[in-house]
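Each remark here refers to the structure printed beneath this line.
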Amino acid sequence: MTPIIAQATDDGVHRGAGSDWTVRAVLFDLDGTLVDSTAAIERHTVRWAERVGVAAGPVLALSHGRKDAEFIPLVAPWADAATELDWLHRLSVEDTEGVTALPGARELLTALAAHHWAVVTSAAREVALSRLRAARLPVPTHLVCAEDVQRGKPDPEGFLRGADLVGTPPGECLVVEDSVAGVRAGQDAGMAVLAVGEAAKAAPGGLHLSGVRVRRLPDGRLRLAR
């Protein structure tokens, strides 16, 4: 599949094919962007919804791109949030069946120097590391997880923290995201956004990162293009 890269639209999000970026760092979401964990996440969420007695459909929709600690009280305010969070966390860490790298992810990450990229995810650190290893992707030097922020996506806190970790001003970062909440977070952080997966569903040309090429310029910046 070809990557979703486009001329910027009025909302500043790139969704189609044929553009490039010159930046100093790339901040990747994890689930749905670098790894295909959809089956595992849906399996876990359905089991949890059954556990607390709520319909799975709305829970799946509400949870996408959000921290577990944020959506659990929204859909099951009567439950003990800490107990439910721990139950879902353990299941997510231990069950990685079907978690794989998305097309182009491994090639793009291995082409980037460690200080040029970070992962910013709504998943807990232990869960994120479990999925990266299951997908056989490089473990990033810089990783921003649920425990590292007070406010999850769509708040820009995570991406701003990621930019700080890689030592790059927000305006010189490219965010790669598959969720509406994540796209909004990247925009509000003042960063260029490359929408993939669910966030780019309507775009022609594909949904993932295969075909994206990166090269380092003499001044140390990165040029990413299809």
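Residues take their numbers from the sequence shown, with the count starting at 1. Note that the structure is predicted; figures quoted are calculated from it, not measured.
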task = Taking R215 for its side chain and A225 for its backbone only, find out whether a donor-acceptor pair lies under 3.5 Å.
result = no
task = Using a cut-off of 6.0 Å, state whether more than 12 heavy atoms not belonging to R24 lie near its atom CZ.
result = yes
key: Exam field: side chain T33 to backbone L30, donor-acceptor pair closer than 3.5 Å   = no
Pair E172 + R221: basic N to acidic O under 4.0 Å = no
query = Passes salt bridge (charged side-chain N to carboxylate O under 4.0 Å, His left out), E157 versus R151? Steps please.
reply = CA-CA 7 Å; E157 181 184 356; R151 298 170 301 278; 3.5 Å; yes
Which atom of V119 lies closest to which atom of P140, heavy atoms considered = CG2-CG, 3.9 Å
ask   = For the side chain of Q187 and the backbone of V193, is there at least one donor-acceptor N/O pair under 3.5 Å apart?
value = no
query = So does R90 pair up with E126, basic N to acidic O under 4.0 Å?
reply = yes
query = Are side-chain heavy atoms of L108 and W117 found at a separation under 4.5 Å?
reply = no
message = Looking at L217, is its backbone amide N or carbonyl O close enough to the side chain of R223 to form a donor-acceptor pair, meaning the two atoms are under 3.5 Å apart?
response = no
request  = Kindly write out the residues that satisfy side-chain contact (heavy atoms from CB on, under 4.5 Å) with A189, not counting sequence neighbours, or none if the list is empty.
outcome  = P156, F159, L160, M191
ask   = Just how far is it from atom CG of D20 to atom CG of L222, taken to the nearest 0.5 Å?
value = 12.5 Å
